[in-house]
Engineer: 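The structure's right below; bear with me while I get my questions together.
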Amino acid sequence: MKEIINKYKNKIYIFNTLKNKKELFIPINNNLIKMYVCGPSIYKKIHLGNCRTFIFFDIIYRYLLHLKFDIRYIRNLTDYNFKLNYNVDKNYYIYSYDMKKKILKFYKILQLLNLLKPNFEPRVTNYIYEQINNIKKIIKLKYGYNLNKSIYFNIYKYNKNFREYGKILNNIDISYNRNKNNYYKKKNIYDFSIWKNYNYNDLIRWNTEWGKGIPGWHIGCTTMSNKFLGEYFDIHGGGIDLKFPHHECEIIQSNIINNNNNNLAKYWIHTNILTINNKKMSKSLNNYILPYDIIKGRYRITDNININPLIIRLYLIQTHYRNNINFSYNNLRKTINIYYNLLNIFNKIKRIKTQNITSSYINILEIYENCYNSINDDFNIPLLIYNLNKINNIIDECINNVLQINKSDLYKLNKILKYFIIDILGLKKEKNKKSINIKKIINNLLKIRNEMRIKKDYIYSDKIRDIISDYIIINDN
RNA sequence: GGCACCAUGGCCGAGAGGUUAGGCUAAGGUCUGCAAAACCUUAUACAGUAGUUCGAAUCUACUUGGUGUCUCCA
């Protein structure tokens, strides 16, 4: 196994959004990989779109673990937001209690979706001191200026001394379609705040030598990634909507604070968005769907009340991460079959009778090759699922004795399925005790109904059918 | 305008160089206490043009159309 892992760990290709091309992944420090992913802003519950990003990076994390890399994975929590509407009238303890509850709910959802815990999940408000220090550095280097007790980053100076703002990640044309009204009298319209003067109503604020307030959004991520991973690390990830301006600003700040040209991370990975009715699913548009509502059957996707959360997981990864997903219940419903087909492979494989032959008709090496190559090609999960389904077909043929397989090859086949389906895709079979009880009740009702039908008591048998038709479909033939 | 993604039947959707999966829908049938479901049969598609190739839905170039993003966002 070691040989196989070593063979494929040097062949990972990543679409690096920093350069807009696919590149061979070469870690900065041999076997050590440092990865930072922008976590959620905790002010509303996380929806399917948020989950998509976190699940995708969970798969990268799982895969790198599988390849026996030594990996440090950090995902932050932005636990302060203007939209929280906490004001001075409210008690600080209520705020802090609410925040804790919200974070626990976030963890609960990720746990249901079978995400592994990152190595550390720093909360922005725990690192204010470090952020202020970084702001001080920026001011000292004269890249930050004070305007009405807020601190802004001087883009004009940056463009002069480093490289052009807006060209690093997004390559945006900053002359186009931009509101040129400069309300705040900033030196440049692209100057962004690294410290915000407090509003009278804000409950939370910190003291500095230039006044009370809160750090800007971007400085938090720069500071935490620097603190936990150093000034230059391997992978920085997040949703594509963070590409600009958030990540652009993170890079610029880091280049100034550390006085380098590293652009913070070697590889930048951005996941595409999830749309619904061709509009972006977002908290602000209020068109979002919560995973918990699907799991609890509030959208009634099938006749079974509860939906296995891992079906949502599979739904979100079966489209390549750089394509956008247009959410539809229909497709989610179809994923149920795909899910059970995939997991059924483990039951099917037990039915294979091995043959006492020296070489099987199955090319195990080729199967390994296909699976590893698909995930190595910019984490092509749809292709991986396609290849896993191919294995499914092979297993069918083995069961039907069309193909013959020996013991050692069957063992290898079992192994690769376990690696990819369970370890990397993160799917698993779950036993739901509640649903088993419901099943028992329904089965008993069905028995009674059948007895009535034999007696041709159709009035009551139909009544029973109506009652239980909410849970199952009855096929009398 | 920049960047990214997409284009497959009436609708949804797989495909990853080698006879266009599958599902929904429609029509006809089998079955049946009624209903639903299931099963069988039938129907229709690779946006356009050029190129690479023995062979292209798939690779390349261009064109057309669509979506997202460039404002708080995963």
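Note that the structure is a prediction, hence the values are computed from the model and not measured. Below, chain A is the first sequence line, B the second, and so on; all start at residue 1.
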Engineer: Please identify which of these residues, A:Phe57, A:Tyr267, A:Trp268, meets the ring pair (Phe, Tyr, Trp, His ring centres under 6.0 Å) condition with A:His236.
Structural biologist: A:Trp268
Engineer: Taking the minimum atom-to-atom distance to the side chain of A:Tyr458, which one of B:rC3, B:rG33, B:rU69 wins?
Structural biologist: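 Of the candidates, B:rG33 comes closest.
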Engineer: Grab the CG-P distance between A:Asn387 and B:rA21 for me, whole Å please.
Structural biologist: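 After rounding, the reported distance stands at 19 Å.
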Engineer: Once you apply a heavy-atom cut-off of 4.0 Å, does A:Gly39 come out as touching a base, just sugar-phosphate, or nothing?
Structural biologist: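 Counting heavy atoms under 4.0 Å across all strands, the contact made by A:Gly39 is with sugar-phosphate only.
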Engineer: Choose from B:rA16, B:rU69, B:rU67 the nucleotide whose nearest atom is closest to any side-chain atom of A:Asn324.
Structural biologist: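 That would be B:rU67.
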Engineer: Respond yes when some side-chain nitrogen or oxygen of A:Tyr386 is under 4.0 Å from OP1 or OP2 of B:rA14, and no when none is.
Structural biologist: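 Answer is no, no contact under 4.0 Å.
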Engineer: B:rC5, OP1 or OP2 - any side-chain N/O from A:Arg322 closer than 4.0 Å?
Structural biologist: yes
Engineer: Could one point to a donor on the side chain of A:Asn380 or the base of B:rA16 with an acceptor on the other under 3.5 Å away?
Structural biologist: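 Result: at least one qualifying N/O pair found.
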Engineer: Establish, with yes or no, whether the OP1 or OP2 oxygen of B:rA16 is under 4.0 angstrom from a side-chain nitrogen or oxygen of A:Ser374.
Structural biologist: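 Negative; the distance criterion is not met.
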Engineer: Rounded off to whole Å, could you give me the CG-to-P distance for the A:Asn272 and B:rC3 pair?
Structural biologist: 16 Å
Engineer: From B:rA4, B:rG15, B:rC34, pick the nucleotide closest to the side chain of A:Asp462?
Structural biologist: B:rC34
Engineer: Could you tell me whether A:Phe56 contacts a base, only the sugar-phosphate backbone, or nothing, with contacts defined as non-hydrogen atoms closer than 4.0 Å?
Structural biologist: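 No contact.
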Engineer: Look at all strands and tell whether A:Ile273 reaches a base, only sugar-phosphate, or nothing, counting heavy atoms closer than 4.0 Å.
Structural biologist: base
Engineer: Please give the distance between the C1' atoms of B:rA57 and B:rA21 as a whole number of Å.
Structural biologist: 13 Å
Engineer: What is the distance, rounded to the nearest whole Å, between atom CD1 of A:Ile240 and atom C1' of B:rC70?
Structural biologist: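 In whole Å, B:rC70 C1' and A:Ile240 CD1 are 11 Å from each other.
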Engineer: Please list every stem that involves RNA chain B, where a stem is a run of 3 or more consecutive Watson-Crick or G-U wobble pairs with both pairing distances under 3.5 Å.
Structural biologist: B:1-7 with B:64-70, B:10-12 with B:22-24, B:25-30 with B:38-43, B:47-51 with B:59-63
Engineer: Is it the case that over 12 heavy atoms from other parts of the model lie below 6.0 angstrom from the CZ atom of A:Arg72?
Structural biologist: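 Check fails, neighbour count at 12 or below.
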Engineer: For the base of B:rG68, is there a side-chain donor-acceptor partner from A:Asn323 under 3.5 Å away?
Structural biologist: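 Between B:rG68 and A:Asn323, which were checked side chain against base, a qualifying N/O pair under 3.5 Å is absent.
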Engineer: Heavy atoms from C-beta onward define the side chain here; which of B:rC3, B:rC72, B:rA16 lies closest to that of A:Pro382?
Structural biologist: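 Nucleotide nearest to A:Pro382's side chain: B:rA16.
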Engineer: Using a heavy-atom cut-off of under 4.0 Å over every strand shown, decide if A:Leu274 touches base, sugar-phosphate, or nothing.
Structural biologist: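 Base, at least one base heavy atom under 4.0 Å.
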Engineer: What nucleotide among B:rC70, B:rU67, B:rG33 has an atom nearest to a side-chain atom of A:Arg453?
Structural biologist: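 Of B:rC70, B:rU67, B:rG33, B:rG33 is nearest to the side chain of A:Arg453.
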Engineer: Rounding to a whole Å, what distance do you find between A:Met452:CE and B:rC34:C1'?
Structural biologist: 17 Å
Engineer: Just checking A:Gly238: base, sugar-phosphate only, or nothing, at a heavy-atom cut-off of under 4.0 Å?
Structural biologist: sugar-phosphate
Engineer: The side chain of A:Asp241 is closest to which nucleotide in this list: B:rC70, B:rA74, B:rA16?
Structural biologist: B:rA74
